[in-house]
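Worksheet: one structure, shown below.
Throughout, protein chains are lettered first and strands after them, A, B, ... in sequence-line order, and every chain is numbered starting at 1.
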Protein chains: 2
Amino acid sequence: MNEPRWLSPDEMRAWLGYRRLRNLLDARIARDLTEDAGLSEQDYDVMSNLSACEGRRTGVGDLAARLRWSHSRLSHHLTRMEKRGLVAREEHPGDARGAIAALTPAGWAALREAAPGHVASVREHLMDVLTPEQVRVLGDVAEAVLARLGQRT
Amino acid sequence: MNEPRWLSPDEMRAWLGYRRLRNLLDARIARDLTEDAGLSEQDYDVMSNLSACEGRRTGVGDLAARLRWSHSRLSHHLTRMEKRGLVAREEHPGDARGAIAALTPAGWAALREAAPGHVASVREHLMDVLTPEQVRVLGDVAEAVLARLGQRT
DNA sequence: ACCAGGTATGTGACACGTCAACTAACGGGT
DNA sequence: ACCCGTTAGTTGACGTGTCACATACCTGGT
């Protein structure tokens with residue numbers, strides 16, 4: 001690798017814009033969520049995935065796969081959420097290695113309470129600022145990049 | 001707020017895609033950078049900003065503004081980078097409150113060494129996967145959202 | 001000269017994520 | 001029945017980011 005192909009002005013604008021977007025948009029949406037529901041985005045992701053499962057519970061490994069999180073990350077996060085009473089760990093019947101993560105009634109209530117505000121926050125700061133065409137392209141971009149990284153859609 | 005306007009399928013796709021993109025793309029690019037240069041993306045951002053300043057040094061507050069970082073975040077990060085010899089703090093002549101962050105020769109060398117590989121990584125995982133039109137729209141999206149958040153371009 | 005309020009920066013506690021190492025249990029071949 | 005490799009999940013150390021607070025210094029009105 002002698003002379004690298006530097007980024008074009010458009011590419012540089014997109015890259016720096018993306019980095020800045022990531023920093024500021026996420027900070028803002030996270031702050032909204034924390035302030036009106038006392039949850040982090042991670043909490044929300046975990047709980048909304050659990051809420052979509054049979055009986056609002058599923059295996060820890062399965063949950064990690066849905067979230068595309070490392071097992072370690074999820075394990076640490078479940079420990080923190082368990083302390084706050086949002087989720088509970090249960091034994092896996094039939095495979096003593098396995099563990100089940102279950103949404104507690106308190107967690108389920110917190111999620112339902114947080115959802116409308118969270119959606120409104122995403123709308124206000126992101127969707128309502130974009131044209132439908134831009135929304136579509138953003139989805140395409142994510143899909144293309146993730147496909148290249150070898151992930152499922 | 002009674003019935004929230006939920007996200008449309010396109011919006012949901014864009015939002016979840018964005019979240020997943022953020023997790024996976026950044027992890028990948030960060031890993032590349034760490035492996036071939038021993039730097040984090042944050043290190044790279046700090047150093048590339050410093051390298052664009054007069055004398056490769058500037059006030060800590062000014063640097064925080066360029067990066068759109070909180071002062072606290074930058075202060076913590078400078079402390080860590082200082083330990084590794086990448087930057088140095090200097091006194092501000094004329095205002096004893098102020099501090100100057102300066103790129104050390106070692107930091108400057110590390111940055112020049114890291115740059116080509118980092119650019120290649122961004123190309124490989126992001127730019128080369130997108131059409132020029134998608135790159136342009138991504139830049140537009142970032143600009144629109146950041147403008148709404150009250151930030152400068 | 002003094003002090004009130006603002007400015008520039010640092011620090012400590014804690015939440016979050018990664019990596020690597022660890023424990024425990026399953027399961028197939030002998 | 002007993003290994004051995006694989007699988008599921010946890011843990012500890014450490015880097016990173018936030019918030020709240022502390023500190024030091026400047027500056028303008030009195």
Distance below 4.0 Å between [X] side-chain N/O and [N] OP1 or OP2:
X       : N      : result
B:Gln42 : D:dG15 : no
A:Ser70 : C:dT18 : yes
A:Arg97 : D:dA8  : no
B:Arg80 : D:dT16 : yes
B:Ser40 : D:dG15 : no
B:Arg89 : C:dG10 : yes

[X] [atom1] to [N] [atom2]: how many Å, rounded?
X       : N      : atom1 : atom2 : result
A:Leu63 : D:dT10 : CG    : P     : 11 Å
B:Arg28 : C:dC19 : CZ    : P     : 12 Å
A:Arg73 : D:dG12 : CZ    : C1'   : 19 Å
A:Leu74 : D:dT10 : CG    : P     : 8 Å
B:Trp69 : D:dC19 : CH2   : P     : 15 Å
A:Tyr44 : C:dC16 : OH    : C1'   : 20 Å
A:His71 : C:dC22 : NE2   : C1'   : 16 Å
A:Leu67 : C:dC16 : CG    : P     : 14 Å

| message | Check this for me: does the side-chain of B:His76 come within 3.5 Å of the base of D:dG15 through a donor and an acceptor? | response | no

| request: Check whether the side chain of A:Ser75 and the base of D:dT11 form a donor-acceptor pair under 3.5 Å. | output: no

| note | Closest non-hydrogen atoms of A:Ala115 and B:Trp6, given as atom of the first, atom of the second and distance, are CB-CH2, 4.0 Å

| task | Taking all heavy atoms of B:Ala14 and all of A:Val135, pick out the closest pair and write down the distance. | result | CB-O, 3.6 Å

| said: Taking B:Leu103 as the starting point, is it possible to reach B:Ile100 by hopping between hydrophobic residues whose side chains are less than 4.5 Å apart? | reply: no

| Side chains of B:Thr131 and B:Glu133: is there a donor and an acceptor less than 3.5 Å apart? | no

| query | Salt bridge or not for A:Arg13 and B:Asp140, using N-O below 4.0 Å? | reply | yes

| message | Under 4.0 Å, heavy atoms only, any strand: does B:Arg84 hit a base, just the sugar-phosphate, or nothing? | response | nothing

| said: Just to be sure I understand the rule, does B:His77 reach a base, reach only the sugar-phosphate, or reach nothing, if contact means heavy atoms closer than 4.0 Å? | reply: sugar-phosphate

| task | Measure from the side-chain heavy atoms of A:Arg31 and tell me the nearest of D:dT16, D:dC19, D:dT10. | result | D:dC19

| query | Starting at the 5' end of DNA chain C, which residue's closest nucleotide do you reach first, A:Gly94 or B:Leu78? | reply | B:Leu78

| note | On DNA chain D, more 5' by nearest nucleotide between A:Asp95 and A:Ala27 is A:Asp95

